[in-house]
Amino acid sequence: MSIQKRLVGSYVAVICITVLILEIFLIVYVRYYYLHNVERSLMNQAELSASFYEQYFADADLEEQAERLLKGFAHNSDAQVQIINASGRLLQDSIGLPQGDLTMTNYLDVRTALQGHAGAWRGKDPSTQESILAVSFPLRSHDVIVGEVRFVTSLTDTITTVKHIAVVLISVGLLVIAIVTILGLLLSWTITRSIKDLKQAADRMTEGDFSIRVHKRYEDELGSLADTLNMMASRITKSEQLKNDFISSVSHELRTPLTSIKGWMITLKTSGSDNKQLLHEGLDIIESEGDRLNHLLEELLDFSKLDNGRIVIQPAPVHLAQLLHHVGKQLSPRAARQAVSLEVQTADNLPVLHADENRLKQVLINLIDNSLKYTESSGRILLQAHAAPEQDQVVITVEDTGIGIAEEDLQYVLQKFYKADQHATGSGLGLSIANQIIKLHHGELRIMSEAGKGTTVQIHLPVKNLTIS
Ligand SMILES: Nc1ncnc2c1ncn2[C@@H]1O[C@H](COP(=O)(O)OP(=O)(O)O)[C@@H](O)[C@H]1O
Ligand SMILES: [Mg+2]
């Protein structure tokens, strides 16, 4: 069953039950009120007649005075008036005495009045089958019941009035139910409309169309669901874009060294055997291009392992100063080739870290590689480490005087595959890998940079977690 049907169904059910209960109560009450009023007015007349009799006729014989009495009683009333003696026989009737049996004791009100109480009875007139109401009141003479006066009226008019009122009440009830149903339909439509939009969009997304956006109709839960769905779609689109960029950049990165290797192979095949110097030069280049390919593949492998959480750091005591100098020495030939000065400064008070030395080295090489890549000749690179005991940290800094990173790129450079310059060599994975490795060490990687001035990358490593030995 659809949500709309359920919503409208429950509204209507609640209203129907409420209206039904209210209607039953009102109709019963109205009927009671009208009938009771008629009865009370008859009873008043009967009581008045009885007290009149008691006052003025108590000493007279009832049977003799019955006709006079009847005239007096009937004079002030539209109802049929009867006078009955103490044994329950009808003496006088304002519409004329019927033929045959005049005994009235089979009527409840008559019997009640003969016992000394006011009696009332509602039922059908035996001859006309009309609904009637009869009220009897005892007539007393010096505290002895000598007979009774009986007022009878037709209830047809009253019942018709009650029926009319009931029809009006039921119509109003039906109107209320109709209005509520329409309102319910409208209200549930506003809800189901949003749900339908969401479902449609989700269906399209399932089919792979992530360009679709859900139109947000209201600022409610469904509205925020629409926002979430839209956000999800744009994230997926973006990661799709990143994947494509990545594939094209990796293919590009693979092609450049491969083209160079292939070119040199052909050159060497034709003239390598004659020219020793050319052979050496070619083999060198092939070797370094091979290294470049290897490096790229390693980066990719690392990245996928980090992404799957399959890289575990293996902590061991690390002498930071030694590590830094070692890395500096390893990269100084390349720095010298580029005419960039590479300087290593280490404070004396460096604690011995408990960390994964190889991973840390990988991070440092990555950072210095970036600095070398983006620093022009006669630039300066400073690799430095100092302890910050007040924060229980060691801070390793790689600072360069290179081209820097523009402000709008700075927030993205830690993301995988992000390169400020799409055409620069590299996969865009280096900083992302470095960042994750530092995170695995419970540390933090911070990048500060200004375009044209240079870049500073800081690695903050906690000492407490890494235990000083
Ligand atoms: N020292 C730096 N100077 C200038 N730009 C840098 C530096 N380090 C990183 N970047 C920018 O950050 C991007 C991402 O770096 P990285 O993740 O190491 O990828 P890759 O080195 O493969 O390009 C680089 O493409 C570059 O635009
Ligand atoms: Mg890099």
Side-chain angles (χ1 to χ4, degrees), residues 20-21 23-54 62-63 65-141 144-170:
L20 190 76
I21 292 172
E23 299 265 286
I24 291 175
F25 173 77
L26 278 176
I27 291 172
V28 166
Y29 178 73
V30 164
R31 198 178 116 91
Y32 168 80
Y33 176 81
Y34 271 78
L35 292 179
H36 185 72
N37 256 2
V38 174
E39 187 181 318
R40 220 177 43 205
S41 122
L42 279 192
M43 196 62 89
N44 277 346
Q45 291 177 36
E47 200 177 346
L48 216 67
S49 306
S51 73
F52 177 79
Y53 170 83
E54 235 164 284
L62 178 67
E63 313 231 347
Q65 298 296 331
E67 199 176 338
R68 274 183 69 198
L69 275 174
L70 182 78
K71 269 196 191 128
F73 294 163
H75 185 69
N76 294 321
S77 174
D78 299 331
Q80 174 189 359
V81 185
Q82 297 173 326
I83 292 175
I84 296 162
N85 73 4
S87 56
R89 193 165 58 83
L90 185 58
L91 297 179
Q92 285 293 331
D93 192 325
S94 61
I95 59 163
L97 281 175
Q99 301 294 315
D101 186 20
L102 295 177
T103 318
M104 302 288 284
T105 42
N106 50 341
Y107 292 108
L108 179 70
D109 60 307
V110 175
R111 287 202 304 272
T112 316
L114 288 180
Q115 282 156 19
H117 309 291
W121 169 80
R122 211 163 60 220
K124 295 246 190 276
D125 185 312
S127 53
T128 60
Q129 290 303 312
E130 205 181 354
S131 277
I132 52 168
L133 175 69
V135 163
S136 297
F137 211 89
L139 297 174
R140 286 173 221 266
S141 159
V144 180
I145 296 166
V146 293
E148 60 185 59
V149 59
R150 189 172 189 244
F151 280 75
V152 184
T153 187
S154 157
L155 285 177
T156 313
D157 284 352
T158 314
I159 288 174
T160 313
T161 310
V162 171
K163 274 188 185 152
H164 278 321
I165 293 177
V167 167
V168 170
L169 283 176
I170 290 170

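Predicted model, so just to flag it, every value in this text is computed and none were measured.
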### Task
List in chain and number order the residues that pass side chain to side chain donor-acceptor pair (under 3.5 Å) with Thr156, two or more places apart in sequence or in another chain; answer none if no residue qualifies.
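Listed in chain order: Glu130, Ser154.
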### Query
Does Asn106 CG have over 12 foreign heavy atoms under 6.0 Å away?
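Yes, the 6.0 Å shell around CG holds more than 12 heavy atoms from other groups.
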Closest non-hydrogen atom pair between [X] and [Y], with its separation:
{"X": "Ala66", "Y": "Ile83", "result": "O-CD1, 3.5 Å"}
{"X": "Val152", "Y": "Ala79", "result": "O-CB, 3.4 Å"}
{"X": "Asp101", "Y": "Thr103", "result": "OD1-OG1, 2.7 Å"}
{"X": "Ala50", "Y": "Pro138", "result": "CB-O, 3.7 Å"}
{"X": "Ala46", "Y": "Val135", "result": "CB-CG1, 4.1 Å"}

### Task
Hey, could you give me each pair passing side chain to side chain donor-acceptor pair (under 3.5 Å) that has a residue in residues 41-51? Not counting sequence neighbours.
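The answer is Gln45-Ser77.
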What is the distance from atom [atom1] of [X] to atom [atom2] of [Y], rounded to the nearest 0.5 Å?
{"X": "Leu133", "Y": "Met43", "atom1": "CG", "atom2": "CE", "value": "8.5 Å"}
{"X": "Leu102", "Y": "Gln92", "atom1": "CG", "atom2": "CD", "value": "10.5 Å"}
{"X": "Leu91", "Y": "Leu97", "atom1": "CG", "atom2": "CG", "value": "8.5 Å"}
{"X": "Leu42", "Y": "Asp78", "atom1": "CG", "atom2": "CG", "value": "10.0 Å"}
{"X": "Glu148", "Y": "Asn85", "atom1": "CD", "atom2": "CG", "value": "9.0 Å"}
{"X": "Gln82", "Y": "Met104", "atom1": "CD", "atom2": "CE", "value": "4.0 Å"}

### Task
Could you list the residues that satisfy side-chain contact (heavy atoms from CB on, under 4.5 Å) with Leu48, not counting sequence neighbours?
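For Leu48, no residue satisfies side-chain contact (heavy atoms from CB on, under 4.5 Å) once neighbours in sequence are set aside.
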### Task
Could you tell me whether the side chain of Val168 reaches within less than 4.5 Å of the side chain of His164, counting heavy atoms only?
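A side-chain contact is absent here, since even the closest heavy-atom pair is not under 4.5 Å.
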### Val149 side chain reached by Phe73 side chain, heavy atoms, under 4.5 Å
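Yes, close enough: below the 4.5 Å cut-off.
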Check residues 109-116 and write down every donor-acceptor pair under 3.5 Å in which the side-chain atom is one partner and the other belongs to a residue at least two apart or another chain.
unit_1	atom_1	unit_2	atom_2	d
Asp109	OD1	Arg150	NH2	3.3
Asp109	OD2	Ser136	OG	2.6
Asp109	OD2	Arg150	NE	2.8
Arg111	NH1	Thr105	O	2.9
Thr112	OG1	Leu108	O	2.7

### Task
List in chain and number order the residues that pass salt bridge (charged side-chain N to carboxylate O under 4.0 Å, His left out) with Glu63, two or more places apart in sequence or in another chain; answer none if no residue qualifies.
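For Glu63 the salt bridge (charged side-chain N to carboxylate O under 4.0 Å, His left out) partners, ignoring immediate neighbours, are Arg89.
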Show me the side-chain donor-acceptor pairs of residues 25-38 shorter than 3.5 Å, one per line, residues at least two apart or across chains.
unit_1	atom_1	unit_2	atom_2	d
Asn37	OD1	Arg40	NH2	3.4

